[in-house]
Amino acid sequence: MSNRLRKNHYLKNWKNLFNLIIMNNLKIILLALAVISITAFTYNNKENFTTGDGYKVGDIATDFSLKNIDGKMVSLADYKKAKGFIIIFTCNTCPVSVRNEDRILALDKKYKNSGFPVIAINPNNPAVQPGDSYELMKVRAKEKGFTFPYLFDDGQKIFPQYGASATPHVYILQKEKEGLKVKYIGGIDNSSRNPDTVTIKYAENAIDALLEGKPIEVTKTRAIGCSIKV
Amino acid sequence: MKEHVKIIVLALLLITIFSCKKEKEMLGQSNENEIIEVYDFNELEPLLNALDDNIYVVNFWATWCAPCVKELPYFQELHDSYKKQNVKVILVSLDFPDKFESQLIPFVKKKNISPQVILLDDPNENAWIPKIDETWSGALPATLIYTKNKRAFYEQSFTKESLFKELEKFI
């Protein structure tokens, strides 16, 4: 074979090989595009997402390992001395959450030393709500001087287990023999939109009762909040 | 064969792009909303339990709630399309009471929202949220559709299609 012919032969082979790759992977390429299209469609409908059952008062809550704004992973098991936790699903962007930041700070200040620290978790998907990205969580926490961990529910795996449906949404847990028992689910108080018209502080009442070893009077409440962005 | 592939790929890409695009806002022309009433829950409650022959579509929303603002045009369209068929749309705002004049009123005016708008200013949320619906967590948006015989509550966002479809079940 002359050099020229050999070159042509190679070129032809390369072309064949290229075609072979494309054609062999055609199904995969089309499938990928179809998946993207379908995802784009369901993305619009995902607002209908419901959190399912989640925890009820009395259930045992799962521990987790979520990234804090300082880059470290945080688990509830790290808190050896804690008697329990005030888990609050909250975020940067929900105006109701923002209006409750001072109240969340006050809860942490009041109960951290009694063994019930606040653990805040951002449940939102930054792809849907860019203002709730991990980077912007750091910014908000610094601006507001958060005294508690502010964790990112990366992949949105934890909030559905808890059954959080809004921001802000509080879960008070107490360490018991069987594990972390859910003691209270709901609002911080009875007026999420206006701190000046609060008449009942549900979360505080629940922790006070736990600290005194008394039954909690109101274990489940509702409050106005933002839907979780999925 | 290759041409077909190109067409399919192009079509899928276009579908992807279009389905991501936000739906065009279509708001009504007439502004019937000269006054926004401020109610507490006791004042609102009769509007959630009317016994007349109307179909009531009560949307709970706020100007600060992005998914609410997104679906608001569909409620406007519903109001425009069905007002001759005894359908009453009521938009119950859960805006911050101290932002009534600075946010809610300008928003309603700017968007030419014509269905009735009410600001629910009642701090005792845990008392009235379950009275609106036992299943409601309090997250926005949420919608109640009812007649004197039938009632349904939706803690979700609507597309235009899904909203109109739900209403049709009541007609």
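Letters A, B, ... mirror the listed sequences (proteins, then strands); counts begin at 1. Fair warning: this is a prediction, and the values are worked out from it, not measured in the lab.
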Where is the tightest heavy-atom contact between [X] and [Y], given as atom of each residue plus distance?
X	Y	answer
B/P67	A/S227	CG-OG, 3.9 Å
A/I224	B/W136	CD1-CH2, 4.0 Å
A/G225	B/W64	O-CH2, 4.2 Å

Enter the distance from [X]:[atom1] to [Y]:[atom2] here, rounded to the nearest 0.5 Å.
X	Y	atom1	atom2	value
A/S191	B/N124	OG	CG	8.5 Å
B/D122	A/N190	CG	CG	9.5 Å
A/N194	B/E125	CG	CD	9.5 Å

Over 12 non-hydrogen atoms of neighbours within 6.0 angstrom of [atom1] in [X]:
X	atom1	value
A/K138	NZ	yes
A/K214	NZ	no
B/E101	CD	no
A/E212	CD	yes

If one checks every heavy atom of A/V198 against chain B at 4.5 Å, the contacting part turns out to be neither

Review point. Is it the backbone or the side chain of A/S192 that comes under 4.5 Å from a heavy atom of chain B, or both, or neither?
Key: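 For A/S192, heavy atoms of backbone and side chain both lie under 4.5 Å from chain B.
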
| field | Test item: A/R222 and B/N126 side chains (from C-beta on) under 4.5 Å apart, heavy atoms | value | yes

* Please answer whether the main-chain N or O of B/D95 pairs with a side-chain N or O of A/R193 as donor and acceptor at a distance below 3.5 Å. =>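 Yes.
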
If one checks every heavy atom of B/I129 against chain A at 4.5 Å, the contacting part turns out to be side chain

Counting heavy-atom pairs under 4.5 Å with chain B, the top scorer among A/A166, A/C226, A/P95, A/G186 is A/P95

